[in-house]
Amino acid sequence: MTGRRRAALALAAAVPFAPSIATAHPVTVASCGEPVVFGEPPRRAVFHDHNLVGMAIALGLQPAIAGVTGLTGWRPPDPSLRAALGAVPELAPRQPSLETLLAARPDLFVAGWHYGMRPGGDVTPATLARFGIRTLVLTESCAHVDRADRVATMSLLYDDVLRLGRVFGVEARARRLVEDWRARIEAASRPVDPAAAPRVFVYDSGEDRPFTAGRAAMPTALIAAAGGRNVLADQPGSWIAVSWEAVATRDPQWIVLVDDGDGRAAARLASTLRAHPAMRRTSAVRDGRMIVLRYVELVPGPANVEAVEKLAAAFHGSAR
């Protein structure tokens with residue numbers, strides 16, 4: 001994590017939460033196309049997963065957080081994230097149960113489909129609504145439950161942060177964050193002829209069939225913002241499993257390896273690629289063009305900005 005990012009987290013943690021007079025309640029926002037009404041800013045919210053917790057910290061919402069879930073069960077959180085949360089408890093290391101959430105007495109659950117909720121599970125917007133708990137769903141994850149042919153853009157990050165700003169009464173702070181992020185990404189990007197954009201494959205996991213990012217997943221937006229093109233951007237859906245042949249025939253020039261925090265996962269992925277009879281002949285594997293990015297950099301959240309900067313520096317051959 002860069003010094004700039006640490007400073008931003010520290011600043012957010014130091015600024016006390018106070019609803020902005022610029023946002024008048026009640027407010028109505030959309031959550032996977034459904035209206036959610038807030039008569040006043042939430043006071044006991046629960047946020048799930050590293051990326052959504054990161055959004056909350058960037059907005060300085062810690063005093064309004066009753067707990068977090070999904071931080072330690074799959075991968076270690078960044079130490080600065082845990083430090084910025086202070087005394088905020090982790091209610092469940094992985095997916096929270098309905099009983100766990102009810103015990104925390106939240107007035108809002110901020111999560112996503114396959115980010116703390118699953119279709120048909122016991123924690124959904126519908127089940128929580130029975131107990132008077134509202135839900136804000138991560139917009140990127142809506143692709144898992146609707147039929148819309150979604151294409152990921154950086155608005156997935158910007159709009160969700162602005163939505164949180166409205167809901168919590170800190171809209172001015174949210175706008176400043178988004179303006180700063182837009183400026184950093186613009187500074188990192190370079191105009192590229194679409195025909196000459198580097199071809200990029202995102203390798204998350206899987207040996208028989210790779211698990212990767214389709215056109216609705218956040219990495220498609222990050223790669224495009226950095227001047228590249230996701231070779232699976234023609235595939236509908238968010239995070240998807242495809243065949244190795246579908247990847248190899250597109251001959252990626254760069255491969256993004258997803259790191260779960262200790263570096264060992266990325267090393268295993270690289271070994272799998274080098275051993276695969278079709279993938280080892282692709283330009284990216286043959287030339288050793290592999291970029292390791294953390295999970296939190298590839299799902300919608302503040303770390304996306306640093307991810308775009310890293311990708312742009314790699315694609316265009318300059319340090320930033």
Is the shortest heavy-atom distance from the side chain of [X] to the side chain of [Y] under 4.5 Å?
X: F131; Y: L101; result: no
X: V285; Y: R274; result: yes
X: P125; Y: E34; result: no
X: M55; Y: P300; result: yes
X: M154; Y: M218; result: yes
X: V137; Y: C142; result: yes
X: I291; Y: L293; result: yes
X: L128; Y: R134; result: no

Between the main-chain N or O of [Y] and the side-chain N or O of [X], is there a donor-acceptor pair closer than 3.5 Å?
X: N304; Y: V299; answer: yes
X: H25; Y: V27; answer: no
X: R166; Y: L162; answer: no
X: R44; Y: D107; answer: no
X: D251; Y: S283; answer: yes
X: D259; Y: V292; answer: no
X: S271; Y: A267; answer: yes
X: T135; Y: L108; answer: no
X: E297; Y: R294; answer: yes
X: S205; Y: F211; answer: no

Under the side chain to side chain contact (heavy atoms under 4.5 Å, CB included) criterion, do F201 and M279 qualify, and how do the steps go? CA-CA 11 Å; F201 167 57; M279 289 302 298; 4.3 Å; yes
Would W239 and Y295 count as a close aromatic pair, with their ring centres under 6.0 Å?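 No - the distance between ring centres of W239 and Y295 does not fall below the 6.0 Å cut-off.
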Would L136 and R163 satisfy side chain to side chain contact (heavy atoms under 4.5 Å, CB included), going step by step from the backbone distance to the final call? CA-CA 9 Å; L136 284 181; R163 180 179 63 173; 4.2 Å; yes
For the student: nearest non-hydrogen atoms of [X] and [Y], plus distance:
X: V46; Y: P106; answer: CG2-CB, 3.8 Å
X: P236; Y: D149; answer: CB-OD1, 4.4 Å
X: G227; Y: A197; answer: O-CB, 3.6 Å
X: T127; Y: D122; answer: OG1-O, 3.0 Å
X: W254; Y: A284; answer: N-CB, 3.6 Å
X: A266; Y: L257; answer: O-CD1, 3.6 Å

In terms of side-chain geometry, is the basic nitrogen of [X] or [Y] positioned less than 4.0 Å from the acidic oxygen of its partner?
X: R264; Y: D260; value: no
X: R94; Y: D49; value: no
X: E171; Y: R175; value: yes

Side-chain heavy atoms under 4.5 angstrom apart, residues restricted to Ile, Leu, Val, Met, Phe, Trp, Tyr: same cluster for [X] and [Y]?
X: I255; Y: V202; answer: no
X: L157; Y: L52; answer: yes
X: V68; Y: L98; answer: no
X: L232; Y: L273; answer: yes
X: L311; Y: V231; answer: no

All side chain to side chain contact (heavy atoms under 4.5 Å, CB included) counterparts of V145, not counting sequence neighbours: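 Per chain and number, V145 pairs via side chain to side chain contact (heavy atoms under 4.5 Å, CB included) with W113, P119.
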Give a yes or no on whether [X] atom [atom1] has more than 12 heavy-atom contacts from other residues, nucleotides or ligands under 6.0 Å away.
X: R286; atom1: CZ; result: yes
X: R75; atom1: CZ; result: yes
X: D287; atom1: CG; result: yes

Straight-line distance of [X] [atom1] to [Y] [atom2], nearest 0.5 Å:
X: I57; Y: H50; atom1: CD1; atom2: NE2; value: 11.0 Å
X: S238; Y: E140; atom1: OG; atom2: CD; value: 4.0 Å
X: L156; Y: R150; atom1: CG; atom2: CZ; value: 8.5 Å
X: R250; Y: R199; atom1: CZ; atom2: CZ; value: 11.5 Å
X: Q62; Y: F47; atom1: CD; atom2: CZ; value: 9.5 Å
X: R43; Y: L61; atom1: CZ; atom2: CG; value: 10.5 Å

Checking T69 now: which residues fulfil side-chain hydrogen bond (donor to acceptor under 3.5 Å, both in side chains) with it, not counting sequence neighbours?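 Scan of T69 (side-chain hydrogen bond (donor to acceptor under 3.5 Å, both in side chains), adjacent residues dropped) gives H48.
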Test ring-ring contact (aromatic ring centres under 6.0 Å, His included) on Y203 and W244 and set out the steps. CA-CA 11 Å; Y203 186 18; W244 283 116; 5.3 Å; yes
Counting only pairs under 3.5 Å, give me each side-chain donor-acceptor contact of residues 81-93, with atom names and distances, residues two or more places apart or in other chains.
unit_1: R82; atom_1: NH2; unit_2: V88; atom_2: O; d: 2.5
unit_1: E90; atom_1: OE1; unit_2: T72; atom_2: OG1; d: 2.8
unit_1: E90; atom_1: OE2; unit_2: L71; atom_2: N; d: 2.8
unit_1: E90; atom_1: OE2; unit_2: T72; atom_2: N; d: 3.0
unit_1: E90; atom_1: OE2; unit_2: T72; atom_2: OG1; d: 3.3

Take R229 and T220 through the side chain to side chain contact (heavy atoms under 4.5 Å, CB included) test and state the conclusion after the steps. CA-CA 7 Å; R229 176 172 59 85; T220 295; over 6 Å; no
Audit row: V242, V247, side chain to side chain contact (heavy atoms under 4.5 Å, CB included) steps and yes/no: CA-CA 8 Å; V242 298; V247 180; 3.9 Å; yes
